[in-house]
Amino acid sequence: MNDLDHLVQAAADEFSAAATPADLENAKARYLGKAGRLTELLKGMAALSPDEKKTRGAEINAAKQLVESALNARRHALAEAELELQLRAEALDVTLPGRHRGIGGLHPVSRTMERIEAIFGSMGFDVADGPEIETDWMSFTALNNPENHPARSMQDTFYVDMKDAEGRWLNLRPHTSPMQVRYARAHAARYAGRDPMPEIRVIAPGRTYRVDSDATHSPMFHQCEGLWIGENVSFKDLKAVFTDFCRTFFETDDLQLRFRPSYFPFTEPSAEIDIAFASGPLKGRWLEVAGSGQVHPDVVRNFGLDPERYIGFAFGMGPDRLTMLRYGVADLRLFFDGDLRFLSQFK
Ligand code: DAH
């Protein structure tokens with residue numbers, strides 16, 4: 001190796017060692033700058049003979065070209081590395097799922113509630129809302145369920161250790177039936193001067209509470225009450241209305257209804273309403289969907305109406321149950337666990 005080979009090698013080594021463009025420019029200055037080693041060699045040729053100048057000049061220029069190409073190669077490599085770093089920092093995995101806000105959807109029980117309201121709405125029923133913390137009188141007494149009567153234990157009520165302004169004990173309503181009384185009393189008061197009074201036709205959906213918890217019972221559940229009172233409303237109207245409702249709700253005429261004699265203090269006679277599908281996985285099984293009956297005269301009296309004149313029917317159904325049947329859900333608790341994997345299937 002002659003001196004020029006050494007110089008080229010040294011320059012190449014320094015360039016390789018430069019970790020940044022600034023380091024590289026400093027290294028370049030040491031070889032190609034005004035006071036750089038190659039520049040000094042060229043200056044040193046002044047003392048040579050013309051022949052020597054020619055050969056030495058060619059050698060130095062060749063060495064200079066090698067140094068310059070080593071410099072350019074390193075510049076290129078550093079620029080590439082920098083770009084690589086930048087790309088990595090800004091890396092974007094286009095295969096990742098997007099981070100978006102779901103648009104959400106209605107809870108399956110809310111869907112059922114909306115269906116119930118729409119169907120009864122189309123039959124001329126009003127929709128009423130009422131308090132979930134009720135008085136003892138509304139929950140029981142007004143519904144012909146006197147204090148200390150054993151029928152009160154049909155419902156495992158959550159009592160509230162508190163009385164209202166009039167000194168009446170409070171509870172978390174165990175059914176929506178108190179809404180019959182609230183709505184009918186308000187209606188009777190509003191139309192006090194009208195003879196005959198316009199018919200009462202209302203449903204009252206909402207949350208209800210009982211000390212109960214298993215796969216088909218939840219301490220909080222839903223009910224929807226129905227009430228139709230007029231001068232000439234009979235059990236056959238109940239049958240027609242409820243049959244129509246069930247067939248519309250389940251979107252099939254292949255459905256049977258059975259009115260099975262039962263007991264409720266607030267109706268006489270009383271019936272449980274069972275349905276049976278003509279096809280599908282539940283084919284032929286009687287499924288209880290509601291309690292119902294002709295409103296008891298004592299209850300009509302508590303509405304503020306004359307039971308000799310006004311008569312009608314009431315029913316109370318379970319929207320949670322209807323939702324389970326409609327979607328084939330076996331465990332009621334799934335509705336109230338708030339697990340999006342379950343709930344998002346109903347969007
Ligand atoms: N309130 C009853 C219950 O929770 C259901 C019910 C039965 C409501 C008969 C009614 C009715 O309006 O007429 O079990």
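Order of appearance sets the numbers: ligands from 1, and atoms from 1 within every ligand. All residue numbers refer to positions in the sequence shown, counting from 1.
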(request) Keeping the roles fixed (side chain from D164, backbone from E166), state whether a donor-acceptor pair exists under 3.5 Å. (result) yes
(message) Test of understanding: clusters of I, L, V, M, F, W, Y form through side-chain heavy atoms closer than 4.5 Å, transitively. Do M317 and I229 belong to the same one?
(response) no
(request) Anything under 30° is parallel, anything over 60° is perpendicular, the rest tilted; go ahead and classify F242 against F120. (result) tilted
(message) Using ring centroids (six-membered ring only for Trp), state whether Y191 and H187 fall under 6.0 Å.
(response) yes
(request) Select all protein residues for which some heavy-atom-to-ligand 1 distance is less than 4.0 Å, and list them by chain and number. (result) Q155, H175, S177, Q180, R210, Q223, E225, F264, F266, T267, G291, S292, G293, A314, F315, G316
(message) Parallel, tilted or perpendicular, judged at 30° and 60°: which one describes the rings of F342 and F346?
(response) perpendicular
(message) Using 30° and 60° as the class boundaries, would you call the ring planes of F249 and F245 parallel, tilted or perpendicular?
(response) tilted
